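Just so it is clear: chains get the letters A, B, ... in the order the sequence lines come, proteins before strands, and each one is counted from 1. Since we're looking at a predicted model, the values are computed, not measured.
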There are 2 protein chains.
Amino acid sequence: MGIDMEDLRKRLKEKGHKMTTQRRVILDAIIENRDEHLTPEEIYDIVKTKYPEIGIATVYRTLQLLEKLNIICRLNFDDGYNRYELNYDSEEEQHHHLICLNCGRVMEVKLDHLKSLEKQIEDENDFKVVDHNVKFFGYCTDCQ
Amino acid sequence: MGIDMEDLRKRLKEKGHKMTTQRRVILDAIIENRDEHLTPEEIYDIVKTKYPEIGIATVYRTLQLLEKLNIICRLNFDDGYNRYELNYDSEEEQHHHLICLNCGRVMEVKLDHLKSLEKQIEDENDFKVVDHNVKFFGYCTDCQ
DNA sequence: TCGATATAGAGACTCTTTGTCAACTATAAG
DNA sequence: CTTATAGTTGACAAAGAGTCTCTATATCGA
Ligand SMILES: [Mn+2]
Ligand SMILES: [Mn+2]
Ligand SMILES: [Zn+2]
Ligand SMILES: [Zn+2]
């Protein structure tokens, strides 16, 4: 999976941050729910079962930090919440999302075509692409 | 362009809504700034110059209504605001956005490849695609 | 013109997210 | 093992986007 707690400690130290129980527990929650796309509030609820004293502000702060360190990434499913998932970037496991408009189910897909699309965009628009965000909305097997 | 006020009146009436000055003025503002991607607040500010008594809640309500009627569509540039633009859907003028991470400039691109990508997704995932959302983040000519 | 119905504006309110600050703690140096 | 100190936390306040409620008003077909 590529992220353990020693890795986290190292990455934190590099930028002058400290390893704390709160940060460990929050990343734990995300790792243990790696197939979900959790909101800060959901993460807060999960973490509270292990660490009831934690404050919601710490959750928000930690999510921002982990995002800045490229350990997690923020998603937007147009449902009014920020959502987070582990960043698989380094492992060439980039994926995108299919979101069911009926039941809310989220499926993940890999899209190989996107590299050539990016290339085309860079050439035609003189625009240096560094990130993309692709979502498809529709109906899943059960909801068609 | 395909949208004038008589068209709007007709579309409103079809769903049991009335044509009001406020709605007219709000759509006007969007049409007159068709090359922008305005936030509700920005639209409010523009509209207030012509119609100072208008309330922000009316702007929000009208935007929701126009979106429901498929006259405008809501965009998300991950900057914490909803944004709106005219819906060119019916005219096969679908476009997507390149967003500069440095200066915030937004460019529009047409992506023909997406139709085949959608087809591939439908076939491989048994997922009926009805909408997609594609954004590229990077650096524009001036900011590279 | 009139009446039924939809709509507007004001402002309170919700909800997510951020800021403030005193108390606390991880870490490195001694 | 202390101690110093810079980073971190939790509580709470507050921001900020968007929504709701309520009464007065405007629209539009009859
Ligand atoms: Mn995912
Ligand atoms: Mn556009
Ligand atoms: Zn479904
Ligand atoms: Zn730029």
- request: To the nearest Å, give me how far apart CG (D79(A)) and C1' (dT16(C)) are.
  value: 13 Å

query: Does D142(A) come within less than 4.0 Å of R105(A), counting only side-chain N to carboxylate O?
result: yes

- request: Sugar-phosphate means primed atoms, P, OP1 and OP2; the rest is base. With that split, encode nucleotides 7-19 of chain D 5' to 3' as B, S or - using protein heavy atoms under 4.0 Å.
  value: SSBB------SBB

Euclidean distance, atom CE of residue M5(A) to atom P of dA26(C) [Å, nearest integer]: 15 Å

- request: Test side chain to side chain donor-acceptor pair (under 3.5 Å) on E42(A) and H37(A) and set out the steps.
  value: CA-CA 9 Å; E42(A) 288 169 341; H37(A) 303 88; over 6 Å; no

Interatomic distance, R83(A) CZ vs dT16(C) C1' [rounded to whole Å]: 13 Å

message: Would you say the rings of F77(A) and H97(A) are close, in the sense that their centroids are separated by under 6.0 Å?
response: yes

query: Ignoring hydrogens and geometry, is there a side-chain-to-backbone donor-acceptor pair from E67(A) to I72(A) under 3.5 Å?
result: no

NZ (K50(A)) with more than 12 external heavy atoms under 6.0 Å: yes

message: How many whole angstroms separate atom CZ of R9(B) from atom C1' of dA26(D)?
response: 13 Å

Atom pair distance, as rounded to whole Å: CD in E14(B) and P in dC28(D): 15 Å

statement: Members sharing Y81(A)'s hydrophobic cluster, built from side-chain contacts under 4.5 Å between Ile, Leu, Val, Met, Phe, Trp and Tyr, are none

